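First the structure, in the form of structure tokens, and then the observations on it.
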Amino acid sequence: MGITGSAKGDIKWSVRQRLELIEMELFWTGRVNRQTLMDKTGISKAQASADFSQYKKLADENLTYSLTEKTYQVTSSFSPVFINTSPQAFLTQLALSGNNSEQLQLPSRDIQPSFLRVILKAVDGSTCLSITYQSMSSPEPKKRVIAPHTFVSDGWRWHVRAYDFLTNTFRDFLLARILEVHEAIGHDSRDCSWQKENDIEWGTFVPLKVVPHPGLSSQQQAVVASDFGMKKGELLFSVRQACLFYTLRQFGFLDELATPAGQQVLLANKDEVFSLLNHPHYQGGDFE
């Protein structure tokens, strides 16, 4: 039997980290012992024994001890208690550990910590900010008042989603392009026009239907379908309309490559989805 959420909350953070390590080793390598735990965490032999005893009390059905190999082995009835068993989560953690894995690190945008603290306070408190912002649609920086509500990453750059009092619209602002930021005075928080629930594009989800490129061979299409986890040759998912541009750009749907092998996937409901990109906010692909 697994443990309840409240029981998990009773475990100290440091102990939980080691129990997660036990479970991760069991699931991904099929085996784990005290020496593994000692080598990877620096704890004593006695502490490692105590950790295994605690894990066995919580999920005894997940492991069995092999006397010949002197190691715990995963059982066929394994059911995760602590870890996310997705390959992506495991590979990311493996890359962070630097153990036979590496994750491409692109240059990060320079975000001022002092600015971020002020913006975070405004997001948490639903208050307004006065900023100086350099957009790509204007040659000079502009002063504007915004009401930020959510931080958004497009996989590379971090934005803050906010109501912009200059244009009276909700839009995205790159954190790295904010040159000055201060608390704004004189904007009544009782005026709900700029509250998050009125951000229609944020609250609207757009369905996307992704399919293998028909120019690929049947074998290639089958591999692409498997690669993306498609069901019946289709990948169906929804994204916030506010994040639609970023998603289409990540898939390469905004500037499709000429060759099927280069493009690999197409957007089956392209006309329907692209009709939502006619908002002036998207023109030229430049987000303020």
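Source: prediction; values computed, not measured. Reckoned from all heavy atoms, side chains included, excluding hydrogens, waters and symmetry mates.
Judged purely by distance below 3.5 Å, without hydrogens or angles, the side chains of Y55 and D60 never pair a donor atom with an acceptor atom. If you check the side chains of S49 and R34, you find a donor sitting under 3.5 Å from an acceptor. In summary, the side chains of T29 and R31 do not present any donor paired with an acceptor at a separation below 3.5 Å, with no hydrogens or angles considered.
Panel note: side chain E69, backbone T71; no donor-acceptor pair is recorded below 3.5 Å. At distances below 3.5 Å, not a single donor-acceptor pair connects side-chain atoms of Q73 with backbone N or O atoms of T64. Side chain of T92 to main chain of Q88: a donor-acceptor pair is present (N/O by atom type, distance under 3.5 Å, no hydrogens or angles). The backbone N or O of Q134 sits nowhere less than 3.5 Å from a side-chain atom of S138 that would complete a donor-acceptor pair. Side chain of T132 to main chain of E180: no donor-acceptor pair is present (N/O by atom type, distance under 3.5 Å, no hydrogens or angles). Remark: the backbone N or O of S218 is not paired with any side-chain donor or acceptor of Q221 at under 3.5 angstrom. A donor-acceptor distance shorter than 3.5 angstrom exists from the side chain of Q264 to the backbone of A261, with no hydrogens or angles considered. In this structure, N62 contributes its side chain and S79 its backbone to a donor-acceptor pair below 3.5 Å. A donor-acceptor contact shorter than 3.5 Å is absent between the side chain of S226 and the backbone of A222. Of the possible donor and acceptor atoms, one in the side chain of N269 sits under 3.5 Å from a partner among the backbone N and O of P207.
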Run the side-chain contact (heavy atoms from CB on, under 4.5 Å) test on K209 and V273 for me, step by step, so that the C-alpha distance in whole Å, both residues' side-chain angles and the decisive distance to 0.1 Å come before the verdict. CA-CA 10 Å; K209 182 188 294 186; V273 172; over 6 Å; no
Go through R157 and D154 one step at a time and tell me if the salt bridge (charged side-chain N to carboxylate O under 4.0 Å, His left out) criterion holds. CA-CA 6 Å; R157 309 180 301 178; D154 64 1; 3.4 Å; yes
Please walk me through it: do K196 and T150 pass side-chain contact (heavy atoms from CB on, under 4.5 Å)? CA-CA 8 Å; K196 182 177 182 177; T150 305; 3.4 Å; yes
For the pair L276 and Q241, evaluate side-chain contact (heavy atoms from CB on, under 4.5 Å) and give the outcome as yes or no after the intermediate values. CA-CA 8 Å; L276 300 174; Q241 186 175 345; 4.1 Å; yes
How far apart are the C-alpha atoms of V118 and L129, what are their side-chain angles, what is the distance that settles it, and do they pass the side-chain contact (heavy atoms from CB on, under 4.5 Å) test? CA-CA 8 Å; V118 176; L129 296 173; 3.7 Å; yes
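Residues L175 and H159 form no side-chain contact, since every pair of their non-hydrogen atoms from C-beta on lies 4.5 Å or further apart. Looking at V210 and F228, their side chains never come closer than 4.5 Å, going by heavy atoms from C-beta outward. Side chains of D164 and F170 form no contact here, defined as non-hydrogen atoms less than 4.5 Å apart. Residues L58 and I11 are in side-chain contact: their nearest non-hydrogen atoms beyond the backbone lie under 4.5 Å apart. Counting heavy atoms from C-beta on, the side chains of L37 and I22 come closer than 4.5 Å. Counting only heavy atoms from C-beta outward, the side chains of I119 and I178 approach each other to under 4.5 Å. For the pair F274 and L248, the minimum side-chain heavy-atom distance is below 4.5 Å. Looking at heavy atoms from C-beta onward, Y65 lies out of side-chain contact with L63 at the 4.5 angstrom threshold.
A salt bridge links E201 and R161; the closest N-O separation between the charged side-chain nitrogens and carboxylate oxygens is under 4.0 Å.
Hydrophobic cluster membership differs between L266 and F245, with clusters built from Ile, Leu, Val, Met, Phe, Trp and Tyr side chains linked at under 4.5 angstrom. The hydrophobic cluster containing V32 also contains L94, counting ILVMFWY residues as joined when their side-chain heavy atoms lie under 4.5 angstrom apart, directly or transitively. Cluster membership for M24 and V15, using ILVMFWY side-chain heavy atoms within less than 4.5 angstrom, is shared. Note on Y246 and F237: same hydrophobic cluster, where clusters join Ile, Leu, Val, Met, Phe, Trp and Tyr whose side-chain heavy atoms are under 4.5 Å apart, directly or indirectly. Following chains of ILVMFWY side-chain contacts shorter than 4.5 Å, one cannot reach F173 starting from L166, and the two form parts of different hydrophobic clusters.
In this structure, Q93 places its CD atom where only 12 or fewer heavy-atom neighbours from other residues, nucleotides or ligands lie under 6.0 Å away. In E183, the CD atom is not crowded: 12 or fewer heavy atoms of neighbouring residues, nucleotides or ligands sit closer than 6.0 Å.
To the nearest 0.5 angstrom, L236 atom CG is 11.5 Å from K231 atom NZ. Taken from CG in D51 to CZ in R18, the straight-line distance is 4.0 Å, to the nearest 0.5 Å. The CZ atom of R249 sits 11.5 Å away from the SG atom of C243 when rounded to the nearest 0.5 Å. We find the CG-CZ distance between L19 and R16 to be 8.5 Å, quoted to the nearest 0.5 Å. Atom OG1 in T41 sits 11.0 Å away from atom CD in Q17 (nearest 0.5 Å). Atom CG in L21 sits 12.0 Å away from atom CZ in F82 (nearest 0.5 Å).
For residues 19-47, the ring-ring contact (aromatic ring centres under 6.0 Å, His included) pairs, not counting sequence neighbours, are F27-F78, W28-F90. Residue pairs meeting the salt bridge (charged side-chain N to carboxylate O under 4.0 Å, His left out) criterion with at least one partner in residues 252-275, sequence neighbours excluded, are E256-K270.
Residues V211 and G233 come closest through the heavy atom pair CG1-O, 3.7 Å. Across P148 and V160, no two heavy atoms sit closer than the pair CB-CG2, 3.5 Å. S126 and W194 make their closest contact through O-CH2, 3.2 Å (heavy atoms, listed as atom of the first residue, atom of the second, distance). Of all heavy-atom pairs between S153 and W156, the closest is OG-N, 4.0 Å. Counting all heavy atoms, side chain and backbone alike, M38 lies closest to I43 at CG-O, 3.6 Å. Pairing each heavy atom of I83 with each of E23, the nearest pair is N-OE1, 2.9 Å.
Residues Y163 and H149 keep their aromatic ring centres 6.0 Å or farther apart.
Hydrophobic side-chain contacts under 4.5 Å tie W202 into a cluster, directly or through other members, with V152.
The side-chain contact (heavy atoms from CB on, under 4.5 Å) with Y133 is formed by just one residue from the set K142, R144, K143; it is R144.
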